[in-house]
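Chain A is the first sequence line, chain B the second, and so forth, proteins listed ahead of strands; every chain is numbered from 1.
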Amino acid sequence: AQSVTQLDSHVSVSEGTPVLLRCNYSSSYSPSLFWYVQHPNKGLQLLLKYTSAATLVKGINGFEAEFNKSQTSFHLRKPSVHISDTAEYFCAVSPGGSQGNLIFGKGTKLSVKP
Amino acid sequence: DAGITQSPRHKVTETGTPVTLRCHQTENHRYMYWYRQDPGHGLRLIHYSYGVKDTDKGEVSDGYSVSRSKTEDFLLTLESATSSQTSVYFCAISDGTVTSTDTQYFGPGTRLTVL
């Protein structure tokens, strides 16, 4: 069965510093992996996705994630965060097959302090 | 942003009443999904549709039904709402054939409170 574990429920950093949001997955297939961001009272916006091409994936707003098959991880990072990055971040895996739904982690709330 | 709207955006109802949430898309995408979001649980799939009149259950389908009579509309019905169904409901769509590389695009959500 597929699953996603986000290792930190809350992360707090200062503006201008780097951030790492950790995600581990399990999948019986060659997975597709996604990171979504949700700002307060908003829907989910796609940040980036991995689809078995390059292991380092670049997304919007300066975010990037690295797929590591041996460690079954897909960590999200940004070299220098901004106040506007304060949001909740969700890692998700696509189990493939005919269903096409996503399995989500429980989310990591990122707070960026001035 | 993908052309997805959800209605209503907010609703307060009483236990035992029926409730229908609507998802409308203008992208002509084949696949549509209903998720619920609860604190500490992330998003969980309720039902999904892979075409007009073609639907299937997700992880947390008990107490919910869906219908899709047109490509653009996907309805979620709570036949008799319970307090445990208080949640934020998100609709999502994806294009083309369903493969593990399909990206899902999400609507703005509906906040439902069952008193």
Side-chain angles (χ1 to χ4, degrees), chain A residues 1-10 21 23-25 27-54 57 59-60 67 74 87-109, chain B residues 1-7 9-10 23-25 29-51 54-61 66 74 87-111:
Chain A
Q2 288 72 34
S3 67
V4 174
T5 302
Q6 293 185 240
L7 299 169
D8 306 290
S9 58
H10 290 86
L21 305 183
C23 173
N24 287 348
Y25 70 92
S27 176
S28 303
Y29 305 93
S30 294
S32 290
L33 294 156
F34 303 80
W35 276 99
Y36 284 86
V37 60
Q38 184 181 32
H39 289 93
N41 300 311
K42 300 291 186 183
L44 278 73
Q45 179 185 15
L46 179 70
L47 274 179
L48 49 81
K49 67 177 182 180
Y50 167 76
T51 57
S52 72
V57 182
I60 62 171
F67 173 72
F74 189 55
E88 190 161 18
Y89 293 79
F90 292 95
C91 182
V93 63
S94 175
S98 62
Q99 198 173 50
N101 63 293
L102 297 175
I103 307 297
F104 283 87
K106 296 183 178 181
T108 298
K109 289 186 177 178
Chain B
D1 290 344
I4 310 170
T5 56
Q6 294 184 231
S7 59
R9 294 293 313 281
H10 302 270
C23 177
H24 178 78
Q25 61 144 328
H29 285 182
R30 180 180 175 188
Y31 294 87
M32 299 184 76
Y33 309 83
W34 278 108
Y35 292 87
R36 60 177 289 173
Q37 182 181 29
D38 304 289
H41 288 277
L43 278 79
R44 294 177 292 174
L45 182 69
I46 306 172
H47 282 279
Y48 69 100
S49 170
Y50 46 97
D54 292 323
T55 65
D56 207 346
K57 296 179 179 180
E59 177 189 358
V60 291
S61 60
V66 290
F74 192 32
S87 187
V88 181
Y89 291 85
F90 286 99
C91 175
I93 64 174
S94 66
D95 60 351
T97 57
V98 177
T99 70
S100 62
T101 61
D102 270 352
T103 299
Q104 292 186 18
Y105 300 94
F106 286 80
T110 293
R111 185 174 297 274

Query raised in the report: Going from CG on A:L44 to OH on B:Y35, what distance comes out if it is rounded to the nearest 0.5 angstrom?
Result: 10.0 Å
Query - Over all atoms of both residues, closest heavy-atom pair of B:T103 and A:Y36 - result: CG2-OH, 4.1 Å
Query raised in the report: Can you tell me how far the CZ atom of B:R9 sits from the CG atom of A:N41, to the nearest 0.5 Å?
Result: 9.0 Å
Query raised in the report: Quick one: what part of B:R44 sits under 4.5 Å from any heavy atom of chain A, side chain, backbone, both or neither?
Result: neither
**Report entry** For B:Q37 against A:F90, the heavy-atom pair lying closest together
**Finding:** NE2-CZ, 3.2 Å
Query raised in the report: If you tally heavy-atom pairs under 4.5 Å against chain B, which of A:G43, A:A92, A:G105 wins?
Result: A:G43
Requested in this report: Hey, could you give me the CD1/CG distance between A:I103 and B:L45, rounded to the nearest 0.5 Å?
Outcome: 7.5 Å
Report task. Heavy-atom distances under 4.5 Å only: say whether B:Q6 touches chain A with side chain, backbone, both or neither. Result -> neither
Query raised in the report: Does any heavy atom of chain B fall under 4.5 Å from the side chain of A:Q38, the backbone, both, or neither of them?
Result: side chain
